[in-house]
Amino acid sequence: MAYPFRSIEKKWQSFWAKNHTFSAAFPSNKPKYYVLDMFPYPSGAGLHVGHPLGYIASDVVSRYKRHKGFNVLHPQGYDSFGLPAEQYAIQTGQHPAQTTDTNIKRYREQLDQLGFSFDWDREFRTSEPDYYRWTQWIFSQLFAAWYDNTSDRAKPISTLIDHLDKWGTDQLDAHCDEDTPLLTATEWKALTSDEQQTYLLHYRMTYLAESEVNWCPQLGTVLANDEVVNGVSERGGFAVERKKMTQWIMRISCYAERLLDGLNTIDWPEPLKEMQRNWIGRSVGATVRFSVFQHDAEIEVFTTRPDTLYGVTFMTLAPEHPLVQNITTDDQRVAVQDYVSQSAKRTERDRMADVKNITGVFTGSYAIHPLSGAKVPIWIGDYVLAGYGTGAVMAVPCGDQRDYEFATHFSIPITNIFADVEIENAAHVEKGETRIANSDFLNGLTVAEATQAAVEHLEKIDRGTAKIQYRLRDAVFSRQRYWGEPIPVYFKNGIPHLISEHCLPLQLPAVEKYLPTETGSPPLGNAIDWAWDETNETVVTIDKINEKTIFPIELNTMPGWAGSSWYFNRYVDAKNNKAFADRDKLEYWGKVDLYVGGSEHATGHLLYSRFWQKVLFDLGHVPVNEFAQKLVNQGMILGESAFIFRKSGTQTYVSAGLINGIDVEPIHVDVTYVDANNVVAHHELKNWRPEFADAKFDLEDGKLIAKREVEKMSKSKYNVVNPDDICDQYGADTLRMYELFLGPIEQAKPWNTAGISGVYGFLNKFWRLFHENEQFSISDEPPSSGMLKSLHTTIEKVTHDIDQFSLNTAVSAFMICVNELTAAKCNHRAILKPLTVLLAPFAPHICEELWEKLGHTSSLSNEPYPIADPMHLKETQITYPISFNGKMRFTLDLDAEATKDEIEQAALADERTAQYLEGKTIRKMIVIPSKIVNIVCG
RNA sequence: GCUCGAGUGGUGGAAUUGGUAGACACGUUGGACUUAAAAUCCAAUGACCAUUGCGGUCGUGCGGGUUCAAGUCCCGCCUCGAGUACCA
């Protein structure tokens, strides 16, 4: 008989909900522990078995930490703004809020049935006004802040205004736009108020700028980079062009260095840190200015190899470089214009994908080498990106492979500036011990020495300067979408003004259509009530707009990452309507102690969150500047898709073993119709889909065999395993433990339902330990030493494994223990009681039930976790110095409890061992029951 | 191309971080209990040799090396996975 998991799980889930068992206390004198999952986007498809893995792992840790005496915060909510709900709204007219609500209800049901110890009192969704009010508030904080390089932190914009009033831009070292004009205090004060506001946009942490977007005229919308494939839209395959639009941009680049440094202070997976480092892309080098021959112009380049300056034989500009038009000679004008318009048609992605074709065109002009004075030709090539560095490079074909190929292709001369290095076939890229030659004052220096000497010289003659360049770009923050946070800004004389804090939230207006307007404005352009009455500080109808007091409101909304970039702070005080969170609570809960989620957010959510946290920290709103101390990436659980094979052009399906040579196409088939031996229930296929009604089957041994392949779980691949089904068949405790048992958390692994019987069997065995002939039966006799050993070994192993986050091996430890206790017919209270607490984080329902049966009246969730008593530990590993030599492995007959002396005696009693031991000094001896494993000589 | 990470039975995966390789589980085979099945329990299960005996040999992708001792450390390859990509 299986244990009655269905009734047990329902009973305890409602018990926990009714008693708010997992609600985190504040204030509390217990130490705190904050465990966070990346909150889900509630999609219409619901959860599959892959989704909960991270939640299960974090739930085990949460419950464990509660037993260990911590005040645990383990909240959950929903990242509920997003594209799918908006798409659905466009197609059906249903308001995204409604879709979102339905989906969330479904998610909640599914989450509830897994028995998570979430503190649901703190639940929120990013799309509710009580939440996004504070997202808007943070936007305001960014708008009203600037970055002071002198003190290396963000500051309120008022401090910048003070500075400008007193000194103008003198003594000002701010992170601002490249083209920000310098002003004296007098000039600043002479500006009109509007001019001052425009000027301040150069400094604000979020600012308006023209930026290129992927615009799809047919879809009437802007697409993200990954929605564009091969120059056409992923959906529909329509042409996509690059269009300049005025957008809100976040000045994340000023945090490049601190985002990099901060990585050294947090315990995140190394690969993920590496991804962030690459994304930030710090390179150390120098800028160099070349003047253009017979033109009043200069080309500035960035290079990481100033040591190779004398190897420059040409220069290359990006096609979009502003100087291109000025310096092109009449002879070359047609060719250049052709080339520029050709590359303008290609998306950036296209250009990146097409790296093999070397293209370029000569401008007809020459630059003057800043050191040698030589004339070097200026080319245009689309291998140079307008968006990185200065959009121009000095080309050193002997030291850079791309320059080498470009030079070879266009027969541009190559100067070798490396001593004793062959550059017949390829550029010399290695730095190492290479010495520079043919380079005037740099001759004979190593790369490192020459780099330094060249930069010093450039600075002396004022042709360049040392510089650190980052790949990290400022983040575009505007989205031409409906289902996102409105940006709390209105425009007065075309100048953005914040809507006052006390007027937030600025609620999403109702619209009739969720598509952009005919004039190409974002969907909010369809809203009627979308103007700002400045006097009364309220939203009014747009037809009232006038020049004086009623103004248009921003039509763009915020991107998906806005709401998720600070949500961990909100859980601390989720119901607060006076502030985004109370300071005392922020102080108490501090950093997230354990954050669990997928690595796909490495350069998105996880970078933006760190950025916002640092801004909030600088402005004094949060007490810590990194939000999560430890992060664990859970790997994806994959599906095992099944394919059957259709003879091309027919309705005949061929068993996998009979294909050889036949022309077939693989067809996905729902995995529920395929058993563990890959046999397809082919008679039932027509119940699945009508097209199988007149299918014929070529069988082998009367069976249709399918082929398996491991893929991402997805509806379209018919390989989704639903947790509801598993819960129904085996129970939530089994599902929880099995997901952990599958393998290490971080690793991607396929779901295989076949193995679940092992875990299911384990829980039944555990249940039976407490029962005899279906009756609860427990003994109060003192347990045997063998049982105690089993228990305490397990306690030690499990505790150690949870601390190491090695949950799969912890599950194994339980299995070993229960097997041993079953063999010993153990039903002793002194063993089973602590074991129940020990297992509770993993299988909470069954443990609560047994806990109650053991006669306890309250939930076991606050019961102290058992501690291993070394006296009862099974394997005594004794390490101590004695003496020895020669070959080192022996088998001795020893009792498990053998003392040091007994071991030594036994070792000496053994003839071979005694022989080896004679006259030698042994440093270390490692003993496991019945065997000496190793003896180390001095 | 660059940067990480990984290669262990039929399968998922263990291995105290240099110390009994293959824990635990699935699967397979045999047995017990059953009229039978399910469920449960017991045994075997890396390969090869010896199985009238305790046993022996090989074995962690390949080739070297360090060490009394290597899945683990070092050098050189091969394969797979992830991220990233004309970043100057």
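Just so it is clear: chains get the letters A, B, ... in the order the sequence lines come, proteins before strands, and each one is counted from 1.
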On a whole-Å scale, what distance lies between the C1' atoms belonging to B:G83 and B:G46?
36 Å
A:Tyr310 and A:His369 aromatic centres sub-6.0 Å
yes
Within the structure shown, what part of the strands sits under 4.0 Å from A:Gln747 by heavy-atom distance: base, sugar-phosphate, or nothing?
sugar-phosphate
Using both distances under 3.5 Å as the test, list the Watson-Crick or G-U wobble partner of B:U16, or none.
none
As a test of the definition: with a 90° window around 0 for syn, would you call B:G9 syn or anti?
syn
Set out, in order, the CA-CA distance, both residues' side-chain angles and the distance that settles side-chain hydrogen bond (donor to acceptor under 3.5 Å, both in side chains) for A:Ser253 and A:Asp474, then state yes or no.
CA-CA 5 Å; A:Ser253 56; A:Asp474 281 345; 2.7 Å; yes
Describe the nucleic acid contact of A:Ser599 in one word from base, sugar-phosphate, nothing, applying a heavy-atom distance below 4.0 Å.
nothing
Just call it for A:Asn819: base, sugar-phosphate, or nothing, with non-hydrogen atoms closer than 4.0 Å on any strand.
sugar-phosphate
What nucleic acid atoms does A:Pro744 come within less than 4.0 Å of, heavy atoms only: base, sugar-phosphate, or nothing?
sugar-phosphate
For B:G76, the Watson-Crick or wobble partner whose two distances fall under 3.5 Å
B:C62
Nearest-angstrom distance, C1' atom, B:G5 to B:A88
29 Å
Whether the A:Tyr383 and A:Thr316 side chains hold a donor-acceptor pair (N or O, under 3.5 Å, no angle test) is what I'd like checked.
yes
Give me the distance, rounded to whole Å, that separates B:A14 from B:C68 when you measure between the P atoms they each carry.
31 Å
Kindly say if A:Arg471 contacts the phosphate of B:U84, meaning a side-chain N or O under 4.0 Å from OP1 or OP2.
no
Could you give the CD-to-C1' distance, from A:Glu774 to B:U40, as a whole number of Å?
12 Å
Sort out the partner of B:U51 for me: Watson-Crick or G-U wobble, both distances under 3.5 Å, none otherwise.
none
B:C86, B:C4, B:C24: which one has an atom nearest the side-chain heavy atoms of A:Phe741?
B:C24
On a whole-Å scale, what distance lies between the C1' atoms belonging to B:A70 and B:U8?
14 Å
Nearest-nucleotide 5' precedence on RNA chain B, A:Asn808 against A:Ser757
A:Asn808
Pair A:Tyr470 and A:Trp279, ring centroids less than 6.0 Å apart
no
Side-chain contact check for A:Tyr383: nearest option of B:A88, B:U3, B:C86 is B:C86
Return the nearest nucleotide to the side chain of A:Arg768; candidates are B:U40, B:C24, B:G83.
B:U40
Which one is paired to B:G81, where only Watson-Crick or G-U wobble pairs with both distances under 3.5 angstrom count?
B:C4
Paired nucleotide for B:U45 [Watson-Crick or G-U wobble; both distances under 3.5 Å]:
B:G27
When rounded to the nearest Å, what value does the distance between P atoms of B:A15 and B:A82 take?
25 Å
Roughly how far apart are A:Glu300 CD and A:Met394 CE, rounded to 0.5 Å?
13.0 Å
With a 3.5 Å limit on both atom pairs, tell me what B:U40 is paired to, counting Watson-Crick and G-U wobble, or say none.
B:A32
Do you see a donor-acceptor pair shorter than 3.5 Å between the side chains of A:Ser777 and A:His771?
no
Taking B:G59 as the reference, what is the distance to B:G22 when you measure between their P atoms (whole Å, please)?
16 Å
Quick one: do A:Arg282 and A:Gln469 satisfy side-chain hydrogen bond (donor to acceptor under 3.5 Å, both in side chains)? Show the steps, please.
CA-CA 6 Å; A:Arg282 180 181 198 263; A:Gln469 179 76 41; over 6 Å; no
Could you say whether A:Ala748 or A:Glu270 is positioned toward the 5' end of RNA chain B, judged by the nucleotide with the nearest heavy atom to each?
A:Glu270
Suppose you measure atom C1' in B:C41 against the same atom in B:G55; what distance do you get, rounded to whole Å?
31 Å
Please determine, for B:U67, whether a Watson-Crick or G-U wobble partner exists with both distances under 3.5 Å, and give it or none.
none
Given the 90°-from-0 boundary between syn and anti, B:U17 should be labelled syn
